[in-house]
Chemist: 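I have a structure I would like to understand better, so I am pasting it below and will then ask my questions one at a time.
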Amino acid sequence: MSTPIAPPPDAPLPWGSGPYSIKRHGVSLTTCESEPVQAPGCIQAHGAMLVLRLGDLVILQASENSAEFFGETPEALAGRVVAKVVGAEGAARLRELIDREPVEGNSLHAFTLPARGAAGALDVCVHTVEGVAVVECEATGRGEEIGAVDYFRGVKAAVGRMQAANGLREFCRRVTEEVRALSGLDRVMVYRFHADLHGEVFAEAKRADLAPWLGLHYPEGDIPRPTREIFKRIWIRPLPNAAGPLVELVPLANPDTGRPLNMTHCALRGASVMYTEYLANMGVAASLTLPILRDGELWGLIACHHYTPAHFPYQLRAACEFLAQVATLQLKATEQSEQLVYRLQLEGVHQQLVAMAARDGELMALTDRQPSLLDAMEAGGAALYHLDRWWCSGKTPEPAQLDALAEWLNTRPDFTSAMRPVFVTDSLARDYPAGADFAAVASGVLAVPLSRTRRDMIVWFRPETLQTVNWGGNPHEKPLVTGPNGPRLTPRRSFELFSESVRRRSLPWLNVEVDSALRLRMLVVEIVVTRSQRLAELNVDLTRSNEELDAFAYVASHDLKEPLRGIHRYAHQILESAPALDDENRKRVEGLMRLTVRMDSLLDSLLHFSRVGRTTLELDAVDLNEVVEEALEMVGARRSDGTFNVDVPRPLPGLHCDRVRVREIFSNLLSNALKYSAPAPARIEVGYLRPGEPAPRPGAPAESAGHTVFFVRDRGIGIEPRHHEQIFRMFKRLHGRDDYGGGVGAGLTIVQKLVQRHGGQVWVDSAPGAGSTFYFTLARGEAPAPP
Amino acid sequence: MIPGTILVLEDCDEDFETVSDSARRAGVTHQILRATTGDECMEILRRGDSLPALVLLDLNTARSDGRDALRFAKSDARLRSVPFVVLTTSANPRDLGFCYESGANAYHVKPVRHDEHLRVLGEIFHYWLRAVALPEKHEVPTKNFNSTPR
């Protein structure tokens, strides 16, 4: 038993000393949690109670008001057999029930004690608990205005209507209607507990003039834990007159055991002051409460309120109990069928999403189309991380917040597990403090990874419950009523206080939602895998076609060069063997030879270019100052020989790059700078700009931002802006074949290729007569640059 | 002194003529044998009583090519000491690597310019037939066994 009937004898009692009695101690309590609601020591004064020893049915305790019902004071009744009160026949009936029927913790109607004098007819019920028999007596109320009610027929029809309901909410609405029809009470609600134990008015039937409470949420504290525990063990809790008097059992403790009576199963059990005040503050005069269980846990309550004191005769109670039991039995099936409907709906949308993504080959379809991730799951926002960025829909945290969250998720064993990789929470800030910053949109998080190596993932967000529900008793909506004992005992004394219990929390995720997210993940991963297989195949194709290109370039160079060599040879021989050749023909043959030589260099450039694009870079720590020196030597120039001047105003930084390739970049650019400075002595500057250094970089592509930019500047003839793009094209020359030292026009194309291989960009800033500056970045080389 | 032979693997007639021209200009007296396929080249090497003083290899010929001939010769104990000079159009680093790894003694890219082509060949003949010291005679092993040990 999770809640003890009485605290251990040596523990200090919250109410002082001795057995507890609401009448004596009720208002001295500060918290509902410590109140012994099962053993209140008092019963509601509209009935009377006798506690009998099981073996001989001798009266051990009797309620204070015994004289009104039985004509004898409790003191007079103590120690006498029950037959003295209910007669021999009644005692025999009690004996029979106790011995033969399942009365332990289950109150059964034993008989009706006929009216005697002032006391009307009494319904006598009995149950046993902890070694005693508890006899409860209440006025039947029959024979008067409601004596002829046929509860059985009503209940039978009600059950039929309830079973025909479609969906959980509809089912609960019918429950409220049927209970209200049966009981005639002003307001009947189905109050549903959420996983965090706060509650919601899920269905309601009420007198037309009353304000609706449907959809209102109440904090967990409104129905304290001891009360919830009792509701797992009883079927009904009647309180026909909340403001009515209470009477104590005399004596308060069982004289045989010294323990107070466990009144869990008593219809007459005295109500907590907390509860009666709670009702009074709402203007409620009578209440009838029935639990709805699922798998032994309290799922909800059928809560009935009446605004005037009521009468709940045994037969009405039995009928309502029966409806509550039907509701309990029916609930699971209804909930399952509703979950099935939701599951099917989720699956349906997810299937559509996956089909869309598979068709497009892109996962973005999950967030930016109809339907989207948000159409299936009940969430406020969804985010997909894919292709190195976030794709969001609905209300989500900012991308930077998502980045940090993703990083944190990837450290969690549940999110990264192989079997069931999912992270689910209804209170992110509890596990992830930074989540408090965006608790309003994302207190609830359901996340599944899509890739183990990258951080691709799908995350759904649920807003903070505070943002989404109507809180019953929100002081901003209606004035707070202070109870007769001051605000201390008013169940909901401040909105701030109880809203704390749901701060940074969302509605919990259902199992069906988590399962569906995992299934969606599997389907999406399949697409991703299929796609990466296709990529792998494409890569194989590409490798093959690269090899074919290589072979082609090779064959082209070889097979085209062989005849070329032959042509050159014959031309050469003609010149040698025919000295008498006239000038014109001599020039023609010389032209033939020149053309073959030119074609040879074109073939060489083509071959070189094709190789530059395909060979693997060999990255190493490289001192660019040395590289520039070597490049100068390659272009056949010495810095000091007077025909030109190369200035490196500050030492170049170290880089992690392919030394040979970068040298080729510099040698090509330096060679161009030399060429196009002629005939004047070339003045060339080689330098660099660190990221953020304020320097003009006209024409810089956006991708170059944040990288070191190298440049080679000359004071040569310059290039018209309209040619700035063309110059990087293969074999593109802006000048005559033999002007400016000739050349095939492949140098800049090769520079561009080499720069691209290093993850960089190359561009030019130039104008005719103003010289040219070639800029380039080498992004790949920057990472582990030596100091 | 019996003039030796030079074996030339070359399937292009013009290029072979250039070899012959160059040899004549350089005053080479060796007999020049020509093979146009790798198979033919290997056959000559296998059958010949005496070994050539120099082998000039083009790499890309029809059917089995210069690479096969090179690999064959350099894996044969009898042929291993014969200088094999590759003379080809290809400047592909992969070919260069392959040839040197297979034991080629030199690698030259054929120039397209005829005068340069002649000059390269002239240098090859000068270097391998005159400048370099090589084992005195290339003889077949049987003869080696018959000779009187000193």
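Reminder, nothing fancy here: chain letters follow the sequence lines and each chain counts from 1.
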Chemist: Drop me the distance from A:Tyr570's OH to B:His114's NE2, to the nearest 0.5 angstrom.
Modeler: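 Rounded to the nearest 0.5 Å, the OH-NE2 separation comes out at 10.0 Å.
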
Chemist: Apply side chain to side chain contact (heavy atoms under 4.5 Å, CB included) to A:Met599 and B:Val112, showing your working.
Modeler: CA-CA 10 Å; A:Met599 185 155 173; B:Val112 162; over 6 Å; no

Chemist: Heavy-atom distance under 4.5 Å between the side chains of A:Arg569 and B:Asp21, does that happen here?
Modeler: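 They are in contact (side-chain heavy atoms under 4.5 Å apart), so the answer is yes.
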
Chemist: First locate atom CG of B:Asp115, then atom NE2 of A:His568, and finally report the distance between them rounded to the nearest 0.5 Å.
Modeler: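 B:Asp115 atom CG to A:His568 atom NE2 measures 6.0 Å (nearest 0.5 Å).
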
Chemist: Looking at side-chain heavy atoms only, is the closest gap between B:Arg113 and A:His572 below 4.5 Å?
Modeler: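 With C-beta onward as the side chain, the pair stays apart.
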
Chemist: Below 4.0 angstrom, N of the basic side chain to O of the carboxylate: do A:Glu576 and B:Arg25 qualify?
Modeler: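 Here A:Glu576 pairs with B:Arg25 in a salt bridge, since their nearest N and O are under 4.0 Å apart.
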
Chemist: Begin with the C-alpha distance, continue with both residues' side-chain angles, and end with the deciding distance and a verdict on side chain to side chain contact (heavy atoms under 4.5 Å, CB included) for B:Asp11 and A:Glu562.
Modeler: CA-CA 11 Å; B:Asp11 63 347; A:Glu562 192 177 282; 4.2 Å; yes

Chemist: Near B:Arg47 CZ, under 6.0 Å, is it more than 12 heavy atoms from other residues, nucleotides or ligands?
Modeler: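 Open.
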
Chemist: More than 12 non-hydrogen atoms from neighbouring residues, nucleotides or ligands closer than 6.0 Å to OH on B:Tyr127, yes or no?
Modeler: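 No, the 6.0 Å shell around OH holds no more than 12 heavy atoms from other groups.
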
Chemist: Consider only side-chain N and O atoms of A:Arg565 and B:Thr18, and report whether a donor and an acceptor are under 3.5 Å apart.
Modeler: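 A:Arg565 vs B:Thr18: no donor-acceptor pair found between side chains.
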
Chemist: Are more than 12 heavy atoms, taken from residues, nucleotides or ligands other than B:Lys110, located less than 6.0 Å from that residue's NZ atom?
Modeler: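 Yes, enclosed.
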
Chemist: Please say whether more than 12 non-hydrogen atoms of neighbouring residues, nucleotides or ligands are located less than 6.0 Å from CG in A:Asp582.
Modeler: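 Counting other residues, nucleotides and ligands, CG of A:Asp582 exceeds 12 neighbours.
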
